[in-house]
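Note on naming: letters A, B, ... go to the chains in the order of the sequence lines (proteins, then strands), and numbering restarts at 1 for each one.
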Amino acid sequence: MRRHVTTPEAYRFWLRLADNLAQVEGRGVRIDKGYLDGAITQVTADIRALEAALQAEPDFRVWRRRFGERTRLGAYDQVAAVVYGDLGFKSELVTEKKGRAAATAANLEAVAAACPMVRHFLEAAKLRKALDTYLVGIRREMVQHADGLWYVHPSYNLNSVLTFRSSCERPNYQNQPKRNPRIAEIVRRCYVPRPGRQLGEDDYGQIEVRVPVPITGDATLRAYVCDPTKDMHYDMACQLFRLERPQVSKALRNIVKGAYVFATFYGSYYGLTAKDLWEDVDNLDGKPVRLEGSDVTVRQHLAALGIAELGDPDDPRPGTWAAHVRAVDEDFWGRRFRRYADWKREWYAAYLAEGGFTFPTGFAVRAPGLDKKQVCNAPIQGSGFHLLGWALCEINERLVKRRMRSMVIGEIHDCINFDLHPAERDDVFDLAQRVMVERIREFAPWLDVPLVAEPEAAPVDASWHDLRALKAAPDGRFVPSDMGKWEAAFGPWANQRPTESQGAA
DNA sequence: TGAACGAGCCC
DNA sequence: GTACGCGCTCGTTCA
């Protein structure tokens, strides 16, 4: 029987990463204090306005009657008690421990159409999250440097995650809002580069799909990440919704990617994914999703095929959406990704027999009582982060050794964040490309699939919200992927050079 | 005062 | 038979 012991190389790598992340913490990320103070004032006022509108609704009298002086306009349990207890709406979801009607956005969204009070509550709740967790959280952690400017110093941990990823706190730089455009702008505009410089990122593309290829040996997954003409999210969208690829919009592909493909790889199943898909295609920011280049909604299209209802996920009757997604699940694991499914079974069985498992990066887990999902996800998520961590070490050490002015200022699991000197921008992205895509094989010789690095940059002196994708031009320089959009938004690309006083590199 | 809970944000 | 992976931070409630 194999004994699972972390290798000396893995220990050395972990200490090296701790050293490099300590340097990253020491530098910190600059904050636009003037903007932050203004944003706190503005968002506070916006919340007050929504609270006033909420209180003006007739339904609010019921809330007031129930809670009186204890009324808290932001309390989830209060709005749930009023809506599901007093106003007669039926709750679809219950809380985990106490089994009460859940006040989640997913549950309340169904009520909001008929109840303006709930609509105001949900809108205010989003802004409160932005204000309390993010804006006020940033201000609490902000310190002034000798240059007179303000910075936060997010702290990275390498000892708190089961899968040997990092975590981050005070503030958590790894969960700053991104998906909701309005909230993302409010918060990300706080983060700015040092004067005369620009923020940059380099992301590992699809790392969580590439890493399992050598681990599981799945040939279908290998083809998806090696053949640029293949796209598994489009393929799954076609299969799930019985469409041809030109009929699948980007929006529908993204829904399938998050609500089906990744969820299923992570261990979910049709009982949950069918419900999420059913709801998501009917409500993308309040609107139903339509077929590409057509007025027909996805729900209408399914109805025309004879699939008109979700059905009971626990007992799916033929002709329901749940039964259809169950059949897709069976095809997903039984045919399409058969080898991946076999690997999961074998990997978990070996864990039960041996009491542990070892990542390809040399990290060993010896812990009883882990379930199959944890055991199968850990080596993939953890190893993906280790690739990023090794690249961060190489890049940071090189930038320091060459006394470059550009610096690594953060890390978010599969991406590295930079504060760039404009004159060094191309050198940094070139270095990152070579380390992340080519030299990474020195660290991970087991990696037998190509990796891709996806660079992004914001204009000089612009905020984290203004990042845009770059691509390598034939001359080796990095230019905006969409030059037209860049220049429409930010002016001539030629302006993204160092100022006179900064000189050349 | 601290733990538990429920909620929402990220990859 | 399966039954969404890994984190951090917030406000409220309750002992």
Once you apply a heavy-atom cut-off of 4.0 Å, does A:Cys168 come out as touching a base, just sugar-phosphate, or nothing?
sugar-phosphate
Reported CG-to-CG distance for the pair A:Asp414 and A:Asp202, which is rounded to 0.5 angstrom
10.5 Å
Short side-chain to backbone donor-acceptor contact, A:Trp321 and A:Ala274, under 3.5 Å
yes
Is the ring pair A:Phe262/A:Tyr266 parallel, tilted or perpendicular, if the boundaries are 30 and 60 degrees?
parallel
Within the pair A:Ser160 and C:dC8, is there a side-chain N or O less than 4.0 Å away from OP1 or OP2?
yes
Touch check for A:Asp371, heavy atoms < 4.0 angstrom, all strands: base, sugar-phosphate only, or nothing?
nothing
Interatomic distance where NZ belongs to A:Lys373 and C1' belongs to C:dG1 [whole Å]
13 Å
Taking NE2 from A:His386 and P from B:dC11, how many angstroms apart are they, rounded to a whole number?
19 Å
What nucleic acid atoms does A:Ala378 come within less than 4.0 Å of, heavy atoms only: base, sugar-phosphate, or nothing?
nothing
So, is the end of the A:Arg253 side chain (NZ or CZ) under 6.0 Å from the ring centre of A:Tyr234 and within 45° of the ring's axis?
yes
Parallel, tilted or perpendicular: rings of A:Phe363 and A:Phe164 (30°, 60°):
tilted
Does a nitrogen or oxygen in the side chain of A:Gln374 sit under 4.0 Å from OP1 or OP2 of C:dC6?
yes
Whole-Å distance, A:Tyr134 OH to C:dT9 C1', equals 8 Å
Please examine the side chains of A:Phe241 and A:Val298, heavy atoms only from C-beta on, and report whether any two atoms are closer than 4.5 Å.
yes
Please compare A:Arg326 and A:Arg72 by the position of their nearest nucleotide in DNA chain C and report the one closer to 5'.
A:Arg326
I'd like to know if A:Glu51 pairs up with A:Arg128 as an ion pair, taking the criterion as any Lys NZ or Arg NE/NH1/NH2 lying under 4.0 Å from an Asp or Glu carboxylate oxygen.
yes
Taking DNA chain C as the partner, which of residues 252-271 of chain A come within under 4.0 angstrom of it by heavy atom?
A:Ala263, A:Tyr266, A:Gly267, A:Ser268, A:Tyr269, A:Tyr270
Evaluate the ring planes of A:Tyr173 and A:Trp464, with Trp represented by its six-membered ring, and classify them as parallel (under 30°), tilted (30 to 60°) or perpendicular (over 60°).
parallel
Can you give me the dot-bracket string for DNA chain C, 5' to 3', counting Watson-Crick and G-U wobble pairs with both distances under 3.5 Å, using [ ] for crossing pairs and | for partners on another strand?
....|.|||||||||
Does A:Glu279 pair with A:Lys275 as a salt bridge, N-O distance under 4.0 Å?
yes
Ring centre gap for A:Trp347 and A:Phe357 strictly below 6.0 Å
yes
Would you please confirm or rule out a distance under 4.0 Å between OP1 or OP2 of B:dC11 and any side-chain N or O of A:Lys178?
yes
Rounded to whole Å, the CD-P distance (A:Glu109 to B:dG8) equals 10 Å
Regarding A:Arg100, tell me which of base, sugar-phosphate or nothing describes its non-hydrogen contacts under 4.0 Å with the strands shown.
nothing
Once you apply a heavy-atom cut-off of 4.0 Å, does A:Glu208 come out as touching a base, just sugar-phosphate, or nothing?
nothing
At 4.0 Å (heavy atoms only), tell me whether A:Ala105 reaches a base, stays on the sugar-phosphate, or touches nothing.
sugar-phosphate
A:Ser167 vs C:dC8: side-chain N/O to OP1/OP2 distance below 4.0 Å:
yes
What's A:Asp77 touching, base or sugar-phosphate or nothing? Going by heavy atoms closer than 4.0 Å.
sugar-phosphate
